[in-house]
Amino acid sequence: MAGIFVPSNGALPISSFLAGALPTKSPFTQLKIIRYGSNEHCAWVVVCISGKQLTVTPELAEFLLNRYPSLALHACKSGGHGRTQNTSATFGNRLVGALLPHAAEHVAIELLVQDHPGEIFAGNTKWVNREKQLMRVRISLPQTGGSERALSALSGAIRQLNELLVLCQRQM
């Protein structure tokens with residue numbers, strides 16, 4: 001399913017989840033959701049990076065780790081699923097310099113893990129169009145029926161990352 005999402009279970013429509021994560025004009029670098037969708041096993045958003053800053057700066061990394069200390073323990077790429085104690089395969093080693101949508105993926109997973117301890121979530125982020133700075137962020141779900149939670153977490157992560165981006169850029 002893509003575009004407008006109307007859940008069959010009586011939950012709020014996805015537009016309420018995306019409030020604040022949709023395109024707006026800003027002098028600061030921001031992530032803007034331009035498309036989204038889901039099925040019973042995953043949820044995804046396509047985001048546009050508006051601005052010149054494409055990656056996580058040391059200052060932004062510090063803000064993120066202060067808010068979400070366990071981000072540093074997230075498995076990343078070669079590390080498999082969930083959190084890991086193998087520090088060579090953690091997002092903490094990749095956070096500074098990571099693409100902003102990749103950081104949003106990990107923040108979304110952290111939000112899901114905080115709300116649903118014991119469940120394992122996985123995600124991936126890939127370029128859709130480098131020239132237009134479009135990336136797709138996808139969260140896979142451990143069981144069916146959680147796509148609304150994942151879309152909510154993705155939009156919440158993007159909203160929080162945008163707030164932190166503004167804060168960091170104002171300090172420059």
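Atoms considered below: every heavy atom in the structure, side chains included; atoms not considered: hydrogens, waters and symmetry mates. In this text, all values refer to a predicted model and were calculated from it rather than measured experimentally.
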Side-chain heavy atoms of [X] within contact of [Y], under 4.5 Å:
| X | Y | value |
| --- | --- | --- |
| His106 | Tyr68 | no |
| Leu165 | Leu100 | yes |
| Arg67 | Leu164 | yes |
| Glu119 | Leu112 | no |

Return the minimal non-hydrogen interatomic distance between [X] and [Y], and the atom names on each side.
| X | Y | value |
| --- | --- | --- |
| Ser147 | Cys42 | CB-O, 4.0 Å |
| Thr90 | Ala72 | CB-O, 3.1 Å |
| Leu31 | Ala104 | CD1-CB, 4.1 Å |
| Phe91 | Ala103 | CZ-CA, 3.8 Å |

Could you grab the distance from atom [atom1] of [X] to atom [atom2] of [Y], nearest 0.5 Å is fine?
| X | Y | atom1 | atom2 | result |
| --- | --- | --- | --- | --- |
| Glu105 | Phe121 | CD | CZ | 13.0 Å |
| Leu161 | Thr29 | CG | OG1 | 10.5 Å |
| Arg138 | Ser38 | CZ | OG | 12.5 Å |
| Ile158 | Glu163 | CD1 | CD | 12.5 Å |
| Leu141 | Glu40 | CG | CD | 10.0 Å |
| Leu54 | His102 | CG | NE2 | 15.0 Å |

Could you work out, with side chain to side chain contact (heavy atoms under 4.5 Å, CB included) as the rule, every residue matching [X], not counting sequence neighbours?
| X | answer |
| --- | --- |
| Ala108 | Ile139, Ala153, Leu154, Ala157 |
| Glu62 | Asn66 |
| Lys126 | Arg136 |

Mark yes or no for whether [X], through its side chain, and [Y], through its backbone, hold a donor-acceptor pair below 3.5 Å.
| X | Y | value |
| --- | --- | --- |
| Ser155 | Leu151 | yes |
| Asn162 | Gln30 | no |
| Gln53 | Thr55 | yes |
| Gln133 | Ile49 | yes |
| Glu110 | Ser70 | no |

Full working for side-chain contact (heavy atoms from CB on, under 4.5 Å) between Arg149 and Asp115
CA-CA 10 Å; Arg149 291 186 293 159; Asp115 287 344; over 6 Å; no

Among Ile33, Ile34, Thr125, Leu134, which one satisfies side-chain contact (heavy atoms from CB on, under 4.5 Å) with Val47?
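By the side-chain contact (heavy atoms from CB on, under 4.5 Å) criterion, Val47 pairs with just one of Ile33, Ile34, Thr125, Leu134: Ile33.
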
